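Please read the structure below before turning to the comments.
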Number of protein chains: 2
Amino acid sequence: MLRSPLSSAERKAVLSLPGKELRTSAHRDIVRPGHCSKFSSLVVDGLAGRFDQLANGHRQITALHIVGDFCDLHSVAVPQTGWGIESLTETVVRLVPHEALLALSDSSMAIAMAFWRDTVVDASVLAKWNSALGRRSAKSRLAHLLCEMSLRFQQAGLGTDSDFHFPITQAQLADVLGITAVHLNRTMQALRQDGLLTTKGPHYHLPDRARLCRIAEFDDRYLLLTRGP
Amino acid sequence: MLRSPLSSAERKAVLSLPGKELRTSAHRDIVRPGHCSKFSSLVVDGLAGRFDQLANGHRQITALHIVGDFCDLHSVAVPQTGWGIESLTETVVRLVPHEALLALSDSSMAIAMAFWRDTVVDASVLAKWNSALGRRSAKSRLAHLLCEMSLRFQQAGLGTDSDFHFPITQAQLADVLGITAVHLNRTMQALRQDGLLTTKGPHYHLPDRARLCRIAEFDDRYLLLTRGP
DNA sequence: CGTGACCTTGATGTTAGTCAACGAATGTGG
DNA sequence: CCACATTCGTTGACTAACATCAAGGTCACG
């Protein structure tokens with residue numbers, strides 16, 4: 001989860017953070033939009049998404065949180081969130097009280113920096129998605145997302161670079177990519193046609209990841225592979 | 001700038017940060033894309049933008065930095081940036097060494113939190129733009145940007161809520177909104193037609209800001225008007 | 001008086017949205 | 001075990017938003 005170098009004592013302190021675990025079915029709000037929260041949620045199982053919704057009902061998912069991710073470490077620094085978090089599939093989250101996180105970052109500058117760094121990586125991903133949504137075609141966006149997710153699942157020890165379990169519906173994927181579900185369906189077919197993607201239910205396979213990265217212009221540095229100072 | 005409550009001593013420490021000032025003409029890189037930086041830049045005069053560029057030459061501007069903004073406080077936590085910063089007009093920035101910022105946040109937990117909070121607000125704005133780029137029409141995006149910028153200029157003491165000096169070209173504005181310059185031009189004309197915008201050179205005037213906010217579904221909370229914990 | 005940066009306009013092409021329907025898989029209660 | 005509903009994926013016909021291409025207009029500046 002925290003993409004930072006920490007001493008083993010620090011790492012242990014983070015991993016043993018207290019918190020009530022909460023199991024939810026798919027399509028439930030974990031954090032309601034605009035809510036002022038007293039906890040940060042750690043994804044223990046399943047898949048969660050940060051979203052924003054417009055008056056006409058259109059949704060945009062602005063982040064995907066796989067197991068091991070903190071959804072809203074942000075809310076420690078700014079409790080009033082401008083977004084919501086929902087479960088995309090059946091999901092278990094651990095609700096860690098802000099006091100515990102604040103106490104921990106008070107106790108160690110390295111941990112405080114690690115939390116800050118996590119927010120910065122989140123911002124990097126958001127900036128990358130900004131340019132994708134503004135300037136790329138649907139196909140290129142999907143290719144880029146597949147590259148990103150395969151890497152993240154691999155980093156989290158949940159898959160290889162070309163195979164991962166990604167339990168998301170096409171409608172939700174469309175909300176990530178800023179297109180309609182119909183168009184996403186056709187775009188996935190195009191990638192399949194090109195021999196760049198096969199799926200069996202929630203299992204995604206990338207037969208030629210190198211080529212996929214090339215057409216997606218995927219540069220993994222924004223995911224912080226070069227670790228902290 | 002830092003949208004946080006600090007003691008006057010802390011505030012003073014931040015404002016008296018050292019750093020060499022640098023004047024650049026328009027369209028110059030302040031931070032080259034992917035560069036590993038040792039400074040964070042504070043905008044002293046002019047207008048700067050964070051951008052990302054694709055192989056085909058298409059650009060996306062992912063943030064606008066007005067005077068008083070720190071461009072890349074991020075780079076203190078993660079020196080290798082995944083983006084570039086450019087001057088959009090003639091601009092003066094102060095290059096504050098990371099050591100000075102680190103020393104300052106070491107010295108005061110409140111300042112460390114303020115820096116973190118600033119990153120969180122940046123992420124909030126990015127998330128908002130994500131949903132705008134993914135799910136809004138060009139007209140709605142432009143309306144939203146105008147609402148946002150008028151508020152930010154006002155907060156910075158550089159304008160009223162309906163009048164501000166915004167020295168940006170239409171091509172640059174198009175790169176913010178993720179549309180072409182041609183389409184931006186027509187979209188601005190549509191807003192003028194609706195009596196929602198007049199411009200005289202770089203001077204923007206919003207004749208009916210309330211209505212503009214309504215059609216933009218502009219909710220200012222993401223800009224952190226509700227201050228820290 | 002020419003040049004370059006910026007803004008504006010028109011004609012045409014392409015991507016993606018909308019609407020409507022159907023099929024496959026899964027689960028539920030009678 | 002079977003009608004039934006629900007959710008999810010897929011397809012086709014049509015439309016709207018925006019991109020692209022090409023040209024001209026305005027203004028400041030040397």
Side-chain angles (χ1 to χ4, degrees), chain A residues 25-28 47 49 54 56-61 86-90 131-145 166-193 197-204 215, chain B residues 25-28 47 49 54 56-61 86-90 131-145 166-193 197-204 215:
Chain A
S25 54
H27 311 291
R28 298 261 171 264
L47 185 67
L54 290 147
N56 62 15
H58 285 181
R59 297 166 80 74
Q60 175 72 34
I61 294 177
E86 63 175 337
S87 56
L88 299 181
T89 182
E90 184 172 353
S131 76
L133 290 165
R135 291 302 187 202
R136 297 171 99 109
S137 68
K139 191 169 171 182
S140 169
R141 272 178 260 177
L142 176 57
H144 196 273
L145 183 71
F166 191 26
I168 192 171
T169 68
Q170 289 191 2
Q172 290 165 342
L173 210 42
D175 284 344
V176 175
L177 300 178
I179 58 180
T180 57
V182 171
H183 194 58
L184 172 76
N185 184 286
R186 300 195 228 259
T187 306
M188 282 184 72
Q189 289 179 44
L191 279 190
R192 288 199 193 97
Q193 202 91 38
L197 169 69
T198 63
T199 60
K200 208 191 302 179
H203 187 139
Y204 281 64
I215 76 150
Chain B
S25 55
H27 311 290
R28 298 261 171 264
L47 186 67
L54 290 149
N56 61 15
H58 285 181
R59 296 165 80 73
Q60 175 70 36
I61 293 177
E86 65 175 335
S87 56
L88 299 180
T89 183
E90 184 172 355
S131 77
L133 289 165
R135 291 303 186 201
R136 298 170 98 108
S137 67
K139 191 169 170 182
S140 169
R141 272 178 259 176
L142 176 56
H144 196 273
L145 182 72
F166 191 25
I168 193 171
T169 68
Q170 289 191 3
Q172 290 164 341
L173 209 43
D175 283 344
V176 174
L177 300 178
I179 57 181
T180 57
V182 170
H183 195 58
L184 172 76
N185 184 286
R186 299 195 230 260
T187 306
M188 283 184 71
Q189 290 179 44
L191 279 190
R192 290 199 191 97
Q193 202 91 37
L197 168 68
T198 62
T199 60
K200 207 191 303 178
H203 187 137
Y204 281 64
I215 75 150

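This one's a predicted model, so the numbers in the text were calculated from it and none came from an experiment. Chain letters run A, B, ... following the sequence lines, proteins first, then strands; residues in each count from 1.
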Next item on the list: Calculate, to the nearest 0.5 Å, the distance between atoms CD and CG belonging to A/Gln60 and B/Leu133 respectively.
Entry: 8.5 Å

Margin query: To the nearest 0.5 Å, what is the distance between OG1 on A/Thr89 and CD on A/Gln172?
Written below: 8.0 Å

Next item on the list: Not counting sequence neighbours, which residues clear side chain to side chain contact (heavy atoms under 4.5 Å, CB included) with B/Glu90? List them please.
Entry: B/Arg23

Item checked: A/Arg135 side chain to A/Ser140 side chain, donor-acceptor N/O pair below 3.5 angstrom -> no

Whole-Å distance between [N] [atom2] and [X] [atom1]?
X: A/Asp175; N: C/dG17; atom1: CG; atom2: P; value: 11 Å
X: A/Leu184; N: C/dG17; atom1: CG; atom2: P; value: 10 Å
X: A/Leu133; N: C/dT15; atom1: CG; atom2: C1'; value: 15 Å
X: B/His58; N: C/dT15; atom1: NE2; atom2: P; value: 13 Å
X: B/Ile179; N: C/dC7; atom1: CD1; atom2: P; value: 13 Å
X: B/Lys200; N: D/dC27; atom1: NZ; atom2: P; value: 14 Å
X: A/Leu177; N: C/dT15; atom1: CG; atom2: C1'; value: 15 Å

Margin query: For B/Ile61 and B/Glu86: C-alpha separation, side-chain torsions, deciding distance, then whether side chain to side chain contact (heavy atoms under 4.5 Å, CB included) applies.
Written below: CA-CA 9 Å; B/Ile61 293 177; B/Glu86 65 175 335; 4.1 Å; yes

Next item on the list: Identify whether any heavy atom of A/Gly178 sits under 4.0 Å from a base atom; if not, whether one sits that close to sugar-phosphate; answer base, sugar-phosphate or nothing.
Entry: sugar-phosphate

Checklist line | Beyond-backbone contact of A/Arg141 with A/Thr187, side-chain heavy atoms, under 4.5 angstrom | finding: no

Checklist line | Protein-to-nucleotide contact annotation, 5' to 3' order, nucleotides 5-17 of chain D [B base; S sugar-phosphate only; - none; under 4.0 Å, heavy atom] | finding: ---SSBBBB----

